[in-house]
> 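My questions will all concern the structure given below.
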Amino acid sequence: MFSLKQINEAVRSDPGGFAQECDALFARKVESAAKRIAEHRSESHIILLSGPSGSGKTTTALKIEEKLEEMGIETHTVSMDNYFKTFDPDTTPRNRDGAVDYESPFCLDIGLLNRHFSMLDKGELIHIPKYEFARQMRSDILAQPMRLGADEMVIFEGIHALNDIIVGKNPKAFKLYIAARSNIRDEDGSIVFDKSWIRLCRRIVRDFKFRGSDAAFTLKLWENVRRGERLYISPYKENANLMFDSSLALSASALKPFVVPLLEDTPKGKYKVVDDMLRAWIKLRRWTRSTFPPNPCPGSSSAAARTTTTDILFLERKRKKKELSRTPVASRAGAPV
């Protein structure tokens, strides 16, 4: 739980220090998770990382990867989105209204995923497919090779990573659940800013910045996303070895200058959640990154605060994956495994 009064006071009196404090807290969580994972690596080379939309899965995976590598454990991160099946209107899962259910785990090639987990744990070579969202198809021609060394690990991150249909076949994998689990409360204990709103706002900004979608588009999908969470994600969080709260006390204040203009462009009164969030933001001070020097030295506290708070809130960092820098492997006779 975060206190509205304490957040506003910190943003008013020392915004830079507040950001650094949030960054340091998140860094400690990452370090703790990395140590747990490192201790588990004799059991399995596989890390399964799950969480609902907007929870910070990609950023957290990359931060954990960096920390493991500091500990001398070469680590890779793979998005399970690449294991989506090529879209087929006749076989793609549908919801009770007959619409395509993109939140269903059966949109993934579960058989291939489980086969790849097993092969990686045995030190065998796999070829990670590439899913082309624009064409709604999986490309084996763009597949990337991966073989894990004796002390290497790989994080597979995706909303269905802890589903029984995956965990059941890979019981020894380290399982991590990421979620923004902290509300912002007023002095009387009432919730001012709901924890799910942070995830929605992260998604709105992400969709706008990287996918060219307006807030109305994201809001239209949100109820189905929440439905998918209730059906396919939350029931399996207890499979996790570790639950990781990706909330930052700074999040709502830092998102304010980015999200509020996008929400104000939506039709007035059409979305109750928008009206509720806009009322909440009236009570929250706005935080900006202008307190930091324009080009902080790498590794400095201000650089760390700028990077982490920005990344966790809303930016999809470009993956610095070793496997993505390798030469794509062409499909051979028999196709990549």
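Fair warning: this is a prediction, and the values are worked out from it, not measured in the lab.
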> Using ring-ring contact (aromatic ring centres under 6.0 Å, His included) as the criterion, point out the one residue from His127, His116, His160 that pairs with Tyr83.
His116
> Rounded to the nearest 0.5 Å, how far does CZ of Phe87 lie from SG of Cys107?
9.0 Å
> Ignoring hydrogens and angles, state whether a donor on the side chain of Ser182 or Asp245 is under 3.5 Å from an acceptor on the partner side chain.
yes
> For the CZ atom of Phe244 and the CZ atom of Arg181, what is their distance to the nearest 0.5 Å?
12.0 Å
> What residue among Leu255, Ile7, Val11 forms side-chain contact (heavy atoms from CB on, under 4.5 Å) with Leu284?
Ile7
> As a quick check of understanding, evaluate side-chain hydrogen bond (donor to acceptor under 3.5 Å, both in side chains) for Glu152 and His45, giving each step before the final call.
CA-CA 7 Å; Glu152 291 184 58; His45 296 273; over 6 Å; no
> Between Glu39 and Arg36, is the closest basic N to carboxylate O distance under 4.0 Å?
no
> Rounded to the nearest 0.5 Å, what separates atom CG in Leu263 from atom CG in Leu200?
7.5 Å
> Under a 3.5 Å cutoff, is there a donor and acceptor pairing between the side chains of Glu65 and Thr77?
yes
> So, Arg203 versus Thr218: side-chain donor-acceptor pair below 3.5 Å or not?
no
> Which is it for Ser53 and Glu229 under the side-chain hydrogen bond (donor to acceptor under 3.5 Å, both in side chains) test, yes or no, and what are the steps along the way?
CA-CA 8 Å; Ser53 178; Glu229 291 168 6; 5.5 Å; no
> Enter the distance from Asn82:CG to Arg138:CZ here, rounded to the nearest 0.5 Å.
9.5 Å
> Do Glu70 and Lys63 meet the salt-bridge criterion of a basic N to acidic O distance under 4.0 Å?
no
> Do NZ/NE/NH1/NH2 and the carboxylate oxygens of Asp121 and Lys172 come within less than 4.0 Å?
no
> Is it the case that the side chains of Gln136 and Thr86 hold a donor-acceptor pair, with the cut-off being a distance below 3.5 Å and no angle test?
no
> Report the C-alpha distance between Glu9 and Arg12 in whole Å, list the side-chain angles of each, state the deciding distance to 0.1 Å, and finish with yes or no for salt bridge (charged side-chain N to carboxylate O under 4.0 Å, His left out).
CA-CA 5 Å; Glu9 177 57 26; Arg12 183 195 65 78; 2.7 Å; yes
> Ignoring hydrogens, what is the shortest heavy-atom contact between Ala161 and Leu48? Give both atom names and the distance.
O-CD1, 3.6 Å
> Is Asp276 paired with Lys272 through a side-chain N to carboxylate O contact shorter than 4.0 Å?
yes
> Under 3.5 Å, sequence neighbours excluded: what are the donor-acceptor pairs made by side chains of residues 184-193?
unit_1, atom_1, unit_2, atom_2, d
Arg185, NH1, Gly189, O, 2.6
Asp188, OD1, Ser190, N, 2.9
Asp188, OD1, Ser190, OG, 2.6

> Using 0.5 Å steps for rounding, measure from the CZ atom of Arg202 to the OG1 atom of Thr59.
8.0 Å
> As an exercise, state the distance from OG of Ser50 to CG of Leu176, rounded to the nearest 0.5 Å.
9.0 Å
> Please confirm whether Phe106 and Tyr232 have ring centers closer than 6.0 angstrom.
no
> Taking all atoms of both residues into account, what is the closest heavy-atom pair of Ile204 and Leu262, and its distance?
CG2-CD1, 3.9 Å
> Answer yes if the ring centres of Tyr236 and Tyr177 are under 6.0 angstrom apart, and no otherwise.
no
> Assess whether salt bridge (charged side-chain N to carboxylate O under 4.0 Å, His left out) is satisfied between Arg28 and Glu31, documenting all intermediate values.
CA-CA 5 Å; Arg28 288 196 294 272; Glu31 183 175 15; over 6 Å; no
